[in-house]
Amino acid sequence: MRYWLMKSEPDEASIDDLADAPHRTLPWTGVRNYQARNFMRDSMQVGDGVLFYHSSCPEPGIAGLAKVSSTAYPDPTQFDPKSPYFDPKSTQETPRWLLVDVVFAKKTPLIPLAALREHDELAGMRVLAKGNRLSITPVTAHEWNFITKRLM
DNA sequence: GCCAACGTTGGC
DNA sequence: GCCAACGTTGGC
């Protein structure tokens, strides 16, 4: 059982979109970074906790909780020439890009990025590091407990 | 819109 | 294998 922070642009998929999706589940499509892919492929397990983070929006921050609900499997958008996530170098036999399914757990009052920065307990979070661009980052049990029990 | 930081590409 | 150039991310 591990914990993760996963970024999503709310214009693409917000916590409300996740809550409204069939089975309250969305495939986490569009990851095109090897490090983030490797987290999904090598470390994610069904039931892992997810901090659902809204990025590139007026109020960036944690907007809710979710769970990993599948192991990694090929992201179908890499094979679709009409998709913005199309990757001409990927083949069905050796897909480059994977995704996991994520299921809604709950919506929470938004915890803005600036609020996360106020706590020494969270200073090690990768999402707070200067220049961080990774869309999937590991979260420690301590950070998870602090956020879910103290900030929600 | 700006720009710092980062990842990827491709020439050599 | 190096590294400059380029494209993208994402907060502000």
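Below, chains carry the letters A, B, ... as their sequence lines are ordered, and counting in each starts from 1.
- Distance CE (M6(A)) to C1' (dG10(C)): 18 Å, rounded to an integer number of Å.
- The distance between the ring centers of W28(A) and Y85(A) does not fall below 6.0 angstrom.
- Proximity of Y53(A) to the phosphate of dG11(C): a side-chain N or O atom is located under 4.0 Å from OP1 or OP2.
- Computed from coordinates, the N33(A) CG to dG7(C) P distance equals 19 Å when rounded to whole Å.
- One atom, CG of L5(A), and another, P of dG10(C), lie 11 Å apart when rounded to the nearest Å.
- Listed pair K7(A) / dG10(C) meets the phosphate criterion, a side-chain N or O lying under 4.0 Å from OP1 or OP2.
- Going from atom CG of D87(A) over to atom C1' of dT8(C) covers 15 Å, rounded to whole Å.
- Atom CZ in R32(A) sits roughly 15 Å away from atom P in dG10(C) (whole-Å rounding).
- Atom-to-atom, CG of D11(A) to C1' of dG10(C) comes out at 13 Å; the value is rounded to the nearest Å.
- Remark: K89(A) is in phosphate contact with dT9(B), judged by side-chain N or O atoms under 4.0 Å from OP1 or OP2.
- Here dT9(C) presents its C1' atom at 12 Å from OH of Y85(A), a figure rounded to the nearest Å.
- For residues 99-108 of chain A, the set of pairs meeting the salt bridge (charged side-chain N to carboxylate O under 4.0 Å, His left out) definition, not counting sequence neighbours, comprises D16(A)-K107(A).
- Side chain to side chain, R32(A) and T77(A) meet the donor-acceptor criterion of an N or O pair below 3.5 Å.
- In this structure, E9(A) places its CD atom 7 Å from P of dT9(C), rounding to the nearest Å.
- With values rounded to the nearest 0.5 angstrom, E59(A) atom CD is found 12.5 Å from I111(A) atom CD1.
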